[in-house]
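Numbers restart at 1 for each chain; the letters A, B, ... are given by sequence-line order, proteins then strands. Remember, it's a predicted structure, so these values are computed and weren't measured experimentally.
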There are 2 protein chains.
Amino acid sequence: MQMLADLTERQRFLLNLIVREYTETAQPVGSRNLVEKYHLDLSPATIRNEMAVLTDFGYLRQPHTSAGRIPTEEGYRYFVTHIVYQADLPEAARHTISHQFYQARQDVEQWMPLAASILARHSRAASLVTAPHAERARHKHLELISTQGRQVLMVLVLTGGEVRQQLLTLAEPVTQKRLSEAAAALNLACNGKTTEEIAALPPRADALEKDILTLILADMNRDEQRLSGEIYLDGLTNVLSEPEFLGSDDARRAIRLFEERSLLQNLLMRVMPDSSVGGVQVVIGGEGKWEELKQCSVVLARYGMPGQATGMLGVFGPTRMAYSRTIPTVRFMADLLSGLVSETIAGEENEQ
Amino acid sequence: MQMLADLTERQRFLLNLIVREYTETAQPVGSRNLVEKYHLDLSPATIRNEMAVLTDFGYLRQPHTSAGRIPTEEGYRYFVTHIVYQADLPEAARHTISHQFYQARQDVEQWMPLAASILARHSRAASLVTAPHAERARHKHLELISTQGRQVLMVLVLTGGEVRQQLLTLAEPVTQKRLSEAAAALNLACNGKTTEEIAALPPRADALEKDILTLILADMNRDEQRLSGEIYLDGLTNVLSEPEFLGSDDARRAIRLFEERSLLQNLLMRVMPDSSVGGVQVVIGGEGKWEELKQCSVVLARYGMPGQATGMLGVFGPTRMAYSRTIPTVRFMADLLSGLVSETIAGEENEQ
DNA sequence: TTTTAGCACTCTCGAAGCGAGAGTGCTAAA
DNA sequence: TTTAGCACTCTCGCTTCGAGAGTGCTAAAA
């Protein structure tokens, strides 16, 4: 078996056809069927010869002698990198999607679920979107609100429009007035500063302010290693009705990933550790490294402004996924969200 | 076929056994098996006679002649109302659960996901918990925070510790200072007032304040009809591995309910329209009324303080659900959360 | 009157057997 | 280089069949 061979134009064309046919029907594709369905100007025998070559190269395999061919993981990989990667989303789809976002442009909160829903519908698989998360966030505004007894709601607004909130329990009850004063003092001291700069400040004289500051720092740091908490999911049911998820336990187990957010976060961090924006990452069938992704594929991209605020979005489905729809959609959505994020950030800089 | 007949002690006992056996094995239960497994002091023939009676009453049925019996929906209903309804959760389980909540007592935000997780684990099915939602909420504190350009984060704290936030887009940019002033003025005017009282106030002179007030009222009203937005889910994968969800399309479709939150909200409103706290509601196999719940059952309860703040929690699974575990767990969790909510509210009243 | 032993009967389920169909690889001719 | 022809292989769906489980009924025992 040879590997990494260059394919002829015709072989590429056939591989393309076979992958598309298989992703559609979930059935091994045979030579005669292929000729008939696509009205090829070749005889089944010729196709068989080419198929034999592609099988030799490791791009196709037969579930058993005398069944049709199905793509191997390498076959999908070739298909993705050499055939479909550069494809663009059709103009009509781009238009529709842009329009949907235009309608929701005021309500930032809607962006993530909308993106997830669009991804799910277009890829007919499960989708996930994480909120954009400022990488070098600066303090913008702090608010402390007494809710009940010793419980205080801390709302922290960072540059980039990111809002964090946390419920604190203080050692003893404090009046709203006292809280407001503390917040005002801290706002004055921290305004426009990064985590490092805040950390370098001389310790606060006031005990309450000191405690709060510690919590602010912890909160700003927390999400620099981890992902921001919110992950928006959609389209799980798409994937549930696929035959591979009905039959195989392996695949079914992968769905647990989506339920346990912590597992999902972990996976995202492992697949896309760096924060560069631009490429679409495709993990096919786990590729040896991801035991839990056997029989599944993931198409991921990072969006936003590198170094400032980025998030991730992607699609999860069976290895036999419609990459030719999914990859362009993921890329387009990433670009679109990047645009929205940079508009937001630009607006903010003008403001100052 | 007679209906609504009174059962003898022994018949009740057998129905009990059969339901439990079937929920465990998912196989029709036969007379001989039952005798052997539970060492009954009766012959299979006697059991068969009793089974025939129970079948006549409509509590059991046979998938086909000469298979064992399985409970009908009426059978489950009898089991639930006459046999298992009063059962208590074992002391050990109650203790463990209380302990888990004790450990998380500071962090109110953790209550809902914790409750969902416990419900899912104990019932081995899917669970859902909605956040408690104040029914006659009073205004406690308003905060307006400029995030970026014309976007303003409104944080509204109501009595009961409920926090609502919404991102507003104003007609034109406004400074943080101006926002703080508006918030201060509104806080003064609205403090401790209910929606109705606020609505009855004379209109604000200031245009910004007037706009904000309109939004506050809308927001306070919004959730009095609908459920509060947050629904916490857990344990979906438990239910996915049940045989009825692998085989039947009906059951699989029910899972979509869990993905589309709006469908789920709708369902909850229909199943539990009133706000009385105390009972556990059990919907078995849709009971004719809920087409989308064929083959599924739902065990729901409302918790909180009626008239003040209530939420819902429950379990979703196949009709063949372990009611004898699920119902006591749901009831116990509802009581427990009710306790937590009333503590919160009591604490608040002392404060005033 | 209630319980049970015995028995005939019914139905499912898995194994085995079998033939059709789809697909392949190879060879030799176009 | 392509293709027609052919022998071969393997799956899949269908049928058959017997074992096993379970029932209902009857008549005897308690």
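- Protein atom CD of B:E36 is 12 Å distant from nucleotide atom C1' of D:dA21, rounded to whole Å.
- Atoms CD1 (B:I47) and P (D:dG24) sit 13 Å apart, rounded to a whole Å.
- Distance A:Q62 CD to C:dA22 P: 17 Å, rounded to the nearest Å.
- Looking at DNA chain C, the stems built from 3 or more consecutive Watson-Crick or G-U wobble pairs, each pair with its key distances under 3.5 Å, are C:1-30 with D:1-30.
- Between the CD1 atom of B:I18 and the C1' atom of D:dT23 there is a distance of 14 Å, rounded to whole Å.
- Taking a cutoff of 4.0 Å between a charged side-chain nitrogen and a carboxylate oxygen, A:R320 and A:E242 qualify as a salt bridge.
- Taking atom NE2 of residue B:H64 and atom C1' of nucleotide D:dG24, one finds them 15 Å apart after rounding to whole Å.
- Counting to the nearest Å, the P atom of C:dG23 and the CD1 atom of A:I70 are 14 Å from each other.
- With hydrogens and angles ignored, the 3.5 Å screen pairs no side-chain donor or acceptor of A:T23 with any backbone N or O of A:A322.
- Between the side chain of B:S324 and the backbone N or O of B:V84, no donor-acceptor pair lies under 3.5 Å.
- A cation-pi contact, defined as under 6.0 Å to the ring centre and within 45° of the axis, is absent between B:R69 and B:Y22.
- Taking the side chain of B:S31 as heavy atoms from C-beta on, and the options C:dT4, D:dT23, C:dG25, the nearest nucleotide is D:dT23.
- Residue B:N33 is in sugar-phosphate contact alone, with no base atom involved, counting any heavy-atom pair closer than 4.0 Å across all strands shown.
- Going from atom CG of B:D41 over to atom P of C:dT2 covers 19 Å, rounded to whole Å.
- For the OP1/OP2 pair of D:dT1 and a distance below 4.0 Å, the side-chain nitrogens and oxygens of A:R10 include no atom meeting the criterion.
- Each of B:T329, B:V299, B:I97, B:L128 was scored for a side-chain contact (heavy atoms from CB on, under 4.5 Å) with B:L119, with one residue passing: B:T329.
- When the side-chain nitrogen and oxygen atoms of A:S66 are compared with OP1 and OP2 of C:dA22, none of them lie within a distance under 4.0 Å.
- Look at CG on A:L54: it is 12 Å from P on C:dG25, rounded to the nearest Å.
- Formation of a donor-acceptor pair under 3.5 Å by the A:R77 side chain with backbone atoms of A:V282 is found in this model.
- At C:dT4, one or more side-chain N or O atoms of B:T46 fall inside 4.0 Å of OP1 or OP2 (strictly under the cut-off).
- A side-chain contact (heavy atoms from CB on, under 4.5 Å) with B:T326 is found for exactly one of B:H122, B:M321, B:R124, namely B:M321.
- With D:dA4, C:dT12, C:dA5 as the choices, the nucleotide that has an atom nearest any side-chain atom of A:S43 turns out to be D:dA4.
- A residue-by-residue look at B:P44 and A:R32 shows that B:P44 has its nearest nucleotide of DNA chain C further toward the 5' end.
- Dashed line: the shortest gap from a side-chain N or O of B:T65 to OP1 or OP2 of C:dC9 is not under 4.0 Å.
- A:Y78 and A:R12 share a donor-acceptor pair across their side chains, judged by distance under 3.5 Å alone.
- Residue-to-nucleotide contacts include a donor-acceptor pair under 3.5 Å from the side chain of B:R48 to the base of D:dG24.
- At D:dG24, one or more side-chain N or O atoms of B:R69 fall inside 4.0 Å of OP1 or OP2 (strictly under the cut-off).
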